[in-house]
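In listed order, ligands and their atoms are each counted from 1.
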Amino acid sequence: MQRALTVCPYCGTGCMLHLVSDSGRLVGVEPSATHPVNRGSLCIKGWNAFAFVAHPERLTRPLIRKNGALVPAGWDEALERVVTGIRAVQGTSGKDSVMFAASAKATNEENFLLMKLARRVFGTNNIDHCARLCHSSTVTGLVQMFGSGAMTNSIDCFDKSDLIFVIGSNTTEQHPLIGTRIMNAVRRGTKLIVADNRCIRLSRHADLHLRHKNGSDVPLLSAMMQTIVSEGLADTEFISARTENYGALVESLAGWSPEMAASITGLAAEEIVQAARMFAGARSAMIVYAMGITQHSHGVDNVRCCANLAMLTGNIGRPGTGVNPLRGQNNVQGACDMGALPDMYSGYQRAADPDVRSKFALAWGGEPLPDTPGLPLTLAMNAAHSGSIRAMFIMGENPILSDPDQGHARAALERLDLLVVQDIFLTETARMADVVLPAACYAEKDGTFTSTERRVQLLRKACDPPGDARPDWQIIAALAKSAGYSGMEYNGTAEIMEEISRLSPIYGGISHDRLTPYGLQWPCPDHNHPGTPILHVKGFSRGVGRFMPVAYRGPAEIPDKEYPLTLTTGRTYFHWHTGSMTRRSHLLEREEREGFVEVNPADAGRINLRDGESVVVSSRRGKVFVRARLTEIVPEGVLFMPFHFAENAANALTNNVLDQESHIPEFKICAVRMERVP
Ligand SMILES: Nc1nc2c(c(=O)[nH]1)N[C@H]1C(S)=C(S)[C@@H](COP(=O)(O)OP(=O)(O)OC[C@H]3O[C@@H](n4cnc5c(=O)[nH]c(N)nc54)[C@H](O)[C@@H]3O)O[C@H]1N2
Ligand SMILES: Nc1nc2c(c(=O)[nH]1)N[C@H]1C(S)=C(S)[C@@H](COP(=O)(O)OP(=O)(O)OC[C@H]3O[C@@H](n4cnc5c(=O)[nH]c(N)nc54)[C@H](O)[C@@H]3O)O[C@H]1N2
Ligand code: SF4
Ligand SMILES: [Mo]
């Protein structure tokens, strides 16, 4: 038996585990006993992280579409087809008619190389990834206010806080090992406020559970802040020493009496006042949020309110405080750090800055790098739909199930001249591709992932990839070579990290040999630096913190006569996004075999619906047949559906309306109708 210490491929918590193999075959998983985050535990997905690796449906050979069908091909032919295909599209429609989608499932080294391929080899800033659907609101909002878009504190801080305010995060199911921390802290006396209208597990342990209407976080948080200001509970010392623009905030809060907010949120005014007093009264208070905050057409405004609240009460830069957006995918923090973003190079260096471009150009062989702004993923999908994006290269994403408005996403991909998908399985998206490139998965390669607490950790190879599948970084390097670029020849991933650290100051002191055993937290500017567990301790990354006033806008689509219910979408404990991995892990699939919709018994009663019966849920965009789960978890008038299941695709219903600043879709609210299947 062999054991390889590596990083869990699922969520951003960043647990480490040993992959156990016997004669080259994975047989199980053991948690790392001494890892500072998971400390000997794992959640159910971590325990099953070996199961999909040897699944018989793994892609083992490149596939090329010939006469309408995908047929096996050799690597040379497949790479050639990709390069000539992209060049042909660029020749007729311009450099920016191609879009690259990077992957929060792939390593830092791989995302860095895809970013280099897009910019250096194919001359476009059109590169982005699933963070656009996830925490783009966070990055946009927090960069403006703090100077950095990352989680300000560390997971360890959950043990050091007096009060934890969880808003729009189903932590025990989606970041289970962080959820456990919160539960343990509450048991020791830490106060807990949960703001989520579903009765998630944490809400049962909360001192205060706020069941405000979906999309009413701005009124809730604004009225909390107004109460804090008017009752003299603000941290005036922190405000004057460390922040700017406080006057504008105070002015913007003027109308937000608790009663005013109560009328929009559906809460009692007293609940809002109580939340404000509890939060401001704690010596150290942490805000924890996720998709309930970010995935709105006003997602950036929601984020701004969270950051305003933290600064107003001086809860930044100390243990047990902070604004803590929980990053979702195992390496979504890293994919952002690596500059798989249309407006940034690695280390958040702006693509619009000519000095940044010339620095990278110099390192990459001298040719000037593109200066036209790149497209965010969601706008690129719209551009494919309208015909100005003609080719897409998608590494490790499955937009047919994960993008808003499935009909729109499908039509967009169908219109392309060239679709290339690089994945480990033949996903719903890969089935539509012209070329499919088989990738090695996390267990079959090395490199690094960066967790939600900015911890850069080392993967170790535990087994060989199936058939001809190759690690993503090798595929990208081979593509560069076949496109005639010689600057991507690496002997291994450690060498790629050397280049990353040379070019990206926040990773300046990070190298593979420093990451044993449990990694380093960036910023880590030089080789003697111990890493940074807490951001903004003495000053903010941008100098002083900037308050930003927010004006309230409601959701884009609200219930009406025709579509009287609110649909909100999200996840379950057992499955991962589009199910490509968890639905191929037999124990996880056994727990949750099919899609469902949570329905409040009062809404069910109106159509004589019983638990387990099927319904048709329809929106202005589509229809889904799905089994109803009658439960008080959702309030009356609200339905909840996970988006894991291709057969009952929640995204057939969702609304492709975007936040104007971050371009995140409004996954958390649309209007639907529900009917019994006759
Ligand atoms: N098991 C599992 N874990 C995962 C994932 C997975 O697919 N499966 N995905 C990972 C990824 S990429 C991400 S981004 C995270 C997401 O993690 P979370 O954001 O925690 O998960 P979601 O289910 O999307 O939504 C969280 C909560 O938001 C609430 N909500 C909906 N609308 C609103 C609103 O208007 N205001 C407020 N305050 N709350 C609202 C919902 O009721 C829901 O309980 O999970 C990560 N972890
Ligand atoms: N309705 C609704 N839709 C949503 C959301 C929501 O809350 N509601 N949430 C959004 C959010 S937050 C996110 S993050 C997105 C996620 O959306 P996606 O990123 O599209 O979803 P995943 O299923 O995680 O896709 C990852 C893909 O990578 C593949 N893969 C795994 N490992 C590797 C590897 O090493 N190399 C390569 N090349 N491929 C690999 C997997 O097989 C899978 O196909 O979904 C978004 N969509
Ligand atoms: S909490 Fe997240 S990182 Fe930890 S084992 Fe579960 S899925 Fe993996
Ligand atoms: Mo996400």
Electrostatic pair [X]:[Y] at N-O distance under 4.0 angstrom:
{"X": "E632", "Y": "R198", "result": "no"}
{"X": "D472", "Y": "K445", "result": "yes"}
{"X": "E557", "Y": "R620", "result": "yes"}
{"X": "R571", "Y": "E173", "result": "no"}

(request) Please state whether the rings of Y442 and F52 are parallel, tilted or perpendicular, taking 30° and 60° as the class boundaries. (result) tilted
(request) Measure up the W576 and Y10 rings against each other and bin them: parallel (under 30°), tilted (30 to 60°), perpendicular (over 60°). (result) tilted
Residue selection (non-hydrogen contact nearest [atom]) among [options]:
{"atom": "atom 40 (C) of ligand 2", "options": "N398, I424, I394", "value": "I424"}
{"atom": "atom 12 (S) of ligand 1", "options": "H296, H577, E173", "value": "H577"}
{"atom": "atom 14 (S) of ligand 1", "options": "C130, C134, A104", "value": "C134"}
{"atom": "atom 18 (P) of ligand 1", "options": "S203, G179, A290", "value": "A290"}
{"atom": "atom 41 (C) of ligand 1", "options": "D196, I200, T171, N197", "value": "D196"}

(request) Report yes if R571 has an N/O atom closer than 3.5 Å to an N/O atom of ligand 2; otherwise report no. (result) yes
(request) Before signing off on this row, confirm whether Q329 and ligand 2 have an N or O atom pair separated by under 3.5 Å. (result) yes
Could you find the nearest protein heavy atom to [atom] and give me its residue, atom name and distance?
{"atom": "atom 36 (N) of ligand 1", "value": "D217 OD2, 2.8 Å"}
{"atom": "atom 45 (O) of ligand 1", "value": "Q174 CG, 3.3 Å"}
{"atom": "atom 46 (C) of ligand 2", "value": "S402 O, 3.5 Å"}
{"atom": "atom 34 (C) of ligand 2", "value": "D472 OD2, 3.6 Å"}
{"atom": "atom 6 (C) of ligand 2", "value": "F643 CE2, 3.5 Å"}
{"atom": "atom 42 (O) of ligand 2", "value": "D423 OD1, 2.7 Å"}
{"atom": "atom 1 (N) of ligand 2", "value": "N651 OD1, 2.7 Å"}
{"atom": "atom 25 (O) of ligand 1", "value": "K668 CE, 3.5 Å"}

Short question: side chain of [X], backbone of [Y] - any donor-acceptor pair under 3.5 Å?
{"X": "H644", "Y": "H577", "answer": "yes"}
{"X": "N648", "Y": "F625", "answer": "yes"}
{"X": "T294", "Y": "G299", "answer": "no"}

Contact atoms of ligand 2, heavy-atom distance to [X] under 4.0 Å:
{"X": "W576", "value": "24 (O)"}
{"X": "M581", "value": "31 (C)"}
{"X": "T578", "value": "21 (O), 22 (P), 23 (O)"}

Just checking, is any N or O donor in the side chain of [X] or [Y] under 3.5 Å from an acceptor N or O on the other one?
{"X": "N651", "Y": "D405", "result": "no"}
{"X": "K105", "Y": "N330", "result": "yes"}
{"X": "N656", "Y": "N382", "result": "yes"}
{"X": "T566", "Y": "N214", "result": "no"}
{"X": "D446", "Y": "T493", "result": "yes"}
{"X": "Y552", "Y": "S216", "result": "no"}

Quick check: closest heavy atoms across [X] and [Y], and the distance to 0.1 Å?
{"X": "E428", "Y": "A646", "result": "OE2-CB, 3.6 Å"}
{"X": "I293", "Y": "I167", "result": "CG1-O, 3.6 Å"}
{"X": "N655", "Y": "C670", "result": "CB-CB, 4.1 Å"}

When you compare ligand 1 with [X], is there at least one nitrogen or oxygen pair between them that comes in under 3.5 angstrom?
{"X": "G292", "result": "yes"}
{"X": "T569", "result": "no"}
{"X": "G215", "result": "yes"}
{"X": "N214", "result": "yes"}
{"X": "M291", "result": "yes"}
{"X": "K45", "result": "yes"}
{"X": "N170", "result": "yes"}

Per-atom contacts, ligand 1 versus [X] - under 4.0 Å to a heavy atom:
{"X": "I167", "answer": "38 (N)"}
{"X": "G570", "answer": "23 (O), 24 (O)"}
{"X": "H575", "answer": "1 (N), 2 (C), 6 (C), 7 (O), 8 (N)"}
{"X": "A195", "answer": "38 (N)"}
{"X": "G328", "answer": "10 (C), 11 (C), 12 (S), 13 (C), 14 (S), 15 (C), 46 (C)"}
{"X": "T572", "answer": "1 (N), 2 (C), 8 (N)"}
{"X": "R198", "answer": "41 (C), 42 (O), 43 (C), 44 (O)"}
{"X": "Y573", "answer": "1 (N)"}

(request) Check each heavy atom of S580 against ligand 2 and say whether those closer than 4.0 Å belong to the side chain, the backbone, both or neither. (result) side chain
(request) Would you mind telling me if ligand 2 is within reach of the side chain of T427, the backbone, both or neither, using heavy atoms under 4.0 Å? (result) side chain
Is the shortest distance from a heavy atom of [X] to ligand 2 less than 4.0 Å?
{"X": "K445", "value": "yes"}
{"X": "A440", "value": "yes"}
{"X": "H135", "value": "no"}

(message) In the structure I gave you, are the side-chain heavy atoms of L326 and V288 within less than 4.5 Å of one another anywhere?
(response) yes
(request) Could you tell me whether H575 and F645 have their ring centroids closer than 6.0 angstrom? (result) yes
(message) Counting only heavy atoms closer than 4.0 Å, does ligand 1 sit against the backbone of T568, its side chain, both, or neither?
(response) side chain
(request) Indicate, as side chain, backbone, both or neither, the part of I293 found under 4.0 angstrom from ligand 1 when only non-hydrogen atoms are considered. (result) neither
(request) With rounding to the nearest 0.5 Å, note down the distance linking OG in S297 to NZ in K668. (result) 13.5 Å
(request) Please state whether R327 comes within less than 4.0 angstrom of ligand 1, counting heavy atoms only. (result) no
Check residues 464-471 and write down every donor-acceptor pair under 3.5 Å in which the side-chain atom is one partner and the other belongs to a residue at least two apart or another chain.
from, atom 1, to, atom 2, distance (Å)
D464, OD1, K461, NZ, 2.8

